[in-house]
J.: 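Would you mind keeping the following structure in view while I ask a few things?
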Amino acid sequence: KKQFLLIVLLVFAGLSTLMAQTKVITGTVTSAVEGKADSGVTIQVKGTTIGTLTDQNGNFSITVPQNATTLIFSYIGMKKQEVDIS
């Protein structure tokens with residue numbers, strides 16, 4: 001019983017450490033030309049495989065490592081855009 005409790009405590013300690021090393025970024029992607037929301041835009045953390053897509057209203061939410069510095073926005077037929085995380 002004591003071993004089980006110790007394992008549970010270690011798991012929770014590990015999870016809290018992992019959660020402390022990330023941050024959530026949210027936003028909305030809109031067209032610079034039309035000003036409308038863009039759905040289906042890919043957002044990726046530069047140098048990782050972490051990514052997401054915008055929803056039908058152009059909204060997104062992505063959890064990134066604490067040391068992430070740049071997001072890459074891309075859409076078919078459009079030039080990729082890199083944006084610094086600040």
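These values consider heavy atoms only, across backbone and side chains, with no hydrogens, waters or symmetry-generated copies.
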J.: Could you check if a side-chain atom of Ile85 sits within less than 4.5 angstrom of a side-chain atom of Thr70, using non-hydrogen atoms only?
T.: no
J.: Who pairs with Thr69 by side-chain contact (heavy atoms from CB on, under 4.5 Å), at least two apart in sequence or on another chain?
T.: none
J.: Check whether Ile50 and Ile43 end up in the same hydrophobic cluster, where Ile, Leu, Val, Met, Phe, Trp and Tyr are linked by side-chain heavy atoms less than 4.5 Å apart.
T.: yes
J.: Suppose we screen for ring-ring contact (aromatic ring centres under 6.0 Å, His included). Which residues come up paired with Phe60, at least two apart in sequence or across chains?
T.: Phe73
J.: Would you say that Asn67 contacts Pro65 through its side chain, given a criterion of any heavy-atom pair below 4.5 Å between the two side chains?
T.: yes
J.: Would you give the length of the straight line joining atom OG of Ser74 to atom CD of Gln81, rounded to the nearest 0.5 angstrom?
T.: 11.0 Å
J.: Would you check if Leu53 and Val41 make a side-chain contact, meaning some heavy-atom pair closer than 4.5 Å?
T.: no
J.: Can you list every side chain to side chain donor-acceptor pair (under 3.5 Å) pair that touches residues 40-59, not counting sequence neighbours?
T.: Thr28-Asn59, Lys46-Glu82
J.: At their closest point, which heavy atom of Gln66 faces which heavy atom of Thr22, and how far apart are they?
T.: OE1-O, 3.4 Å
J.: Could you pull out the closest heavy-atom pair between Thr30 and Asp38, with the gap in Å?
T.: C-OD2, 3.8 Å
J.: Check whether any side-chain heavy atom of Val24 sits under 4.5 Å from a side-chain heavy atom of Ser61, and report yes or no.
T.: yes
